[in-house]
There are 2 protein chains.
Amino acid sequence: MSKKAKGIISNQIRKKRFEKDEMTQQELAKALGVTRQTIAAIEAGKYSPSLEVAFCLTDIFETSLDELFQWQADTSQTGEDS
Amino acid sequence: MSKKAKGIISNQIRKKRFEKDEMTQQELAKALGVTRQTIAAIEAGKYSPSLEVAFCLTDIFETSLDELFQWQADTSQTGEDS
DNA sequence: ACCAAGTGTTAAGTATATTTGACATGGTGT
DNA sequence: ACACCATGTCAAATATACTTAACACTTGGT
């Protein structure tokens, strides 16, 4: 119950992938040095990537971390505080 | 040999911590919801944080990911390519 | 000399990210 | 109908981030 829940991270990867030459998950995965499943999972929001992978993505899409990832800070203070 | 080595990530956490009211590792850790050892390890460059922790940091220091973390892309193509 | 606070560091455990291998689905071309 | 490609998804294994608990060192205060 009420895990850590700091916030929600979303990303523009799928979007960027289409903008960038209709790139396929497979191709992106190869360019990144990860597997296709990893891309799929990240796009699906199952988990968010490591900083390393995140940075590689900015390299490929020629963008910035702050443009590629969005952070929705958590406001629901369910648990205990200070 | 020649692991994955995409690049090197450095950060301004320690710097920001002093700028921000001489904040201690302990305090930062608490504000972040992680342990003191985690802060120490990240500052020492033993590993880089998850995107979640990274975003929390930008929240606390009122800065951006791109200002807090630096990415030195790897140029030494030791292994095989395409 | 002592104590407390801040930091470095290490070992063993849990949690999460990522891999490998597999199977299912929808689309497109033959 | 069949093959091919892109994607969704799942289970089991490995890698990395993070925790808990402990000990060492330095600095400042008494």
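Excluded from the calculations below are hydrogen atoms, water molecules and symmetry mates; all remaining heavy atoms, backbone and side chain alike, are included. So that the names make sense, note that chain A is the first sequence line, chain B the second, and so on, each numbered from 1.
Distance, B:L51 CG to C:dA15 P: 21 Å, rounded to whole Å. In this structure, CD1 of A:I13 is placed 17 Å from C1' of D:dA6, rounded to the nearest angstrom. The CG-P distance, from B:L28 to C:dA5, rounds to 19 Å in whole Å. Atom CD in A:E22 sits roughly 14 Å away from atom C1' in C:dG27 (whole-Å rounding). Atom-to-atom, CD1 of B:I42 to P of C:dT9 comes out at 15 Å; the value is rounded to the nearest Å. Remark: C1' of D:dA17 and CD of B:E52 are 12 Å apart, rounded to the nearest angstrom. Residue A:I9 contributes atom CD1, which lies 14 Å from atom C1' of D:dA17 at whole-angstrom precision. The CD1-P distance, from A:I39 to D:dC5, rounds to 20 Å in whole Å.
Residue contacts shown for B:T38 include a base, since a base heavy atom lies under 4.0 Å away.
With hydrogens and angles ignored, the 3.5 Å screen pairs a side-chain donor or acceptor of A:K20 with a backbone N or O of A:I60. With B:E27 contributing its side chain and B:T24 its backbone, the two residues share a donor-acceptor pair below 3.5 Å. A donor-acceptor pair under 3.5 Å is absent between the side-chain atoms of B:Q26 and the main chain of B:M23, judged by distance alone.
Closest approach of B:A54 and B:L68 over heavy atoms only: O-CD2, 4.5 Å.
Here A:A44 pairs with A:K46 under the side-chain contact (heavy atoms from CB on, under 4.5 Å) rule; sequence neighbours left out. A search for side-chain hydrogen bond (donor to acceptor under 3.5 Å, both in side chains) contacts involving B:S50 returns nothing, not counting sequence neighbours. The side-chain contact (heavy atoms from CB on, under 4.5 Å) check on A:Q25 picks up A:R14, A:R17, A:R36, A:I39, A:A40, A:E43, with sequence neighbours excluded.
When the side-chain nitrogen and oxygen atoms of A:S50 are compared with OP1 and OP2 of C:dT18, one or more of them lie within a distance under 4.0 Å.
The ring pair (Phe, Tyr, Trp, His ring centres under 6.0 Å) contacts involving residues 39-58 of chain B comprise A:W71-B:F55, where partners must be two or more places apart or lie in separate chains.
Of the residues in residues 59-68 of chain A, not one comes within less than 4.0 Å of DNA chain D through any heavy atom.
In this structure, B:I13 CD1 and B:L57 CG are separated by 4.5 Å, a value rounded to the nearest 0.5 Å.
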* **Nucleic acid footprint by protein, nucleotides 7-15 of chain D - heavy-atom cut-off 4.0 Å, B for base, S for sugar-phosphate alone** => BBBB-----

